[in-house]
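All remarks here apply to the structure that follows.
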Number of protein chains: 2
Amino acid sequence: MPAASTSLCCPPAEPTPPVPTDAAEANAHLARLAKALAHPARVAILRLLVQREGCIVGDVVDELPLAQSTVSQHLKQLRAAGLIRGEVDGPRVCYCVEPGAVSLFKALVAGL
Amino acid sequence: MPAASTSLCCPPAEPTPPVPTDAAEANAHLARLAKALAHPARVAILRLLVQREGCIVGDVVDELPLAQSTVSQHLKQLRAAGLIRGEVDGPRVCYCVEPGAVSLFKALVAGL
DNA sequence: GCCATTCATCGTATATCGACGATGAACGCT
DNA sequence: AGCGTTCATCGTCGATATACGATGAATGGC
């Protein structure tokens, strides 16, 4: 029987939202972050991780109408974009948002 | 000889940024807009159209290192997402940003 | 040690993306 | 009418995305 644990992890993270430099790189960076959120499931995952500021694991799988492997791939893409971070906690893996990357994304979008 | 015209068009547009309703639809909408900006070229195009608040046509082609047909496809995607609008002006087509869609995108991202 | 649980990865199939050249449609001009 | 310009669309190619089931690696509990 799976237990829905809301273990708190990923404590300090990085309070440093690095700013982009030249225009082309800013475009590329914005495009990369936008691509990571170019799928409803990934938007939902990010929102989940923001809400329960603690981290979740397979709770995400229960929340989405997708197979476990599919969710794992979406998590991988979000992690590759730097939007979330996952660290192993026993048999499970704890994911949480990377606040710096999210705020950088917000800043880039606001700067449009 | 092509002339770089900065004709002003797309005047009033819509001052109405409609707000999303339920969560799933908001996610889908955000994903759709993010997908439209999931490529550096499209980000660059949108920025171009924002800068020269007048509209541009093949000036975009000159600005990007892409073939004319490729740029046309990117414009099509941006238009399908509702981020820009194009209206025919004689032999050329005038594109401009859809301010409502852009601000909706900003609001959705800010609400993450 | 052995087994169940949890998650990632692999392999696969289908669909879409991104790029280009070539073609086609619409318009202005002479 | 005919021509050149401007832009969209078509057809094609390789690469990537999305989804799934099946398999594999790591861990905790018996």
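These values consider heavy atoms only, across backbone and side chains, with no hydrogens, waters or symmetry-generated copies.
Residues B:Lys76 and B:Lys35 each lie close to DNA chain D; by heavy-atom proximity, the contact nearer the 5' end of the strand is made by B:Lys76.
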Kindly indicate, with the supporting measurements, whether the criterion side-chain contact (heavy atoms from CB on, under 4.5 Å) is fulfilled by A:Leu112 and B:Val50. CA-CA 8 Å; A:Leu112 284 177; B:Val50 168; 5.8 Å; no
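A:Glu87 places its CD atom 17 Å from the C1' atom of C:dA8, with the value rounded to the nearest Å. What separates CD of B:Gln77 from C1' of D:dT9 is a distance of 14 Å, to the nearest Å. One interatomic measurement links the two molecules: CZ of A:Arg92 to P of C:dT5, which rounds to 12 Å at whole-angstrom precision. Rounded to an integer number of Å, the gap from CZ of B:Arg32 to P of C:dT16 is 15 Å.
Note that CG of B:Leu30 and CG of A:Leu46 are 9.0 Å apart. Values are rounded to the nearest 0.5 Å. For the atom pair CG (B:Leu33) and CG (B:Leu104), the distance works out to 6.0 Å, reported to the nearest 0.5 Å. Of the inter-residue distances, the one linking B:Ile56 atom CD1 with B:Leu48 atom CG reads 5.0 Å to the nearest 0.5 angstrom.
Smallest separation of non-hydrogen atoms from A:Tyr95 and A:Leu49: O-CD2, 3.8 Å. Across every non-hydrogen atom of A:Ala81 and A:Ala36, the tightest pair is CB-CB, 3.5 Å. Summarising the geometry of B:Val71 relative to B:Leu64, their closest heavy-atom pair is CG2-CD1, 4.3 Å, with the distance given to 0.1 Å.
For the side-chain contact (heavy atoms from CB on, under 4.5 Å) test, residues two or more places apart in sequence or in another chain that qualify with B:His39 are B:Ala41, B:Arg42, B:His74.
Distances shown here put a side-chain N or O of A:Arg42 below 4.0 Å from the OP1 or OP2 atom of D:dT18. For C:dA8, one of the phosphate oxygens OP1 or OP2 lies less than 4.0 angstrom from a side-chain nitrogen or oxygen of A:Tyr95.
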Provide a list of protein-nucleic acid N or O atom pairs under 3.5 angstrom, restricted to nucleotides 19-21 of chain C.
unit_1 : atom_1 : unit_2  : atom_2 : d
C:dA19 : OP1    : B:His39 : NE2    : 3.3
C:dA19 : OP2    : B:His39 : NE2    : 3.4
C:dA19 : OP2    : B:His74 : NE2    : 2.6
C:dC20 : OP2    : B:Ala67 : N      : 3.0
C:dC20 : OP2    : B:Thr70 : OG1    : 2.9
C:dC20 : N4     : B:Gln73 : NE2    : 3.0
C:dG21 : N7     : B:Ser69 : OG     : 3.4
C:dG21 : O6     : B:Ser69 : OG     : 3.3

Shorter than 3.5 Å, N or O on both sides, protein versus nucleotides 25-30 of chain D: list them out with atom names.
none

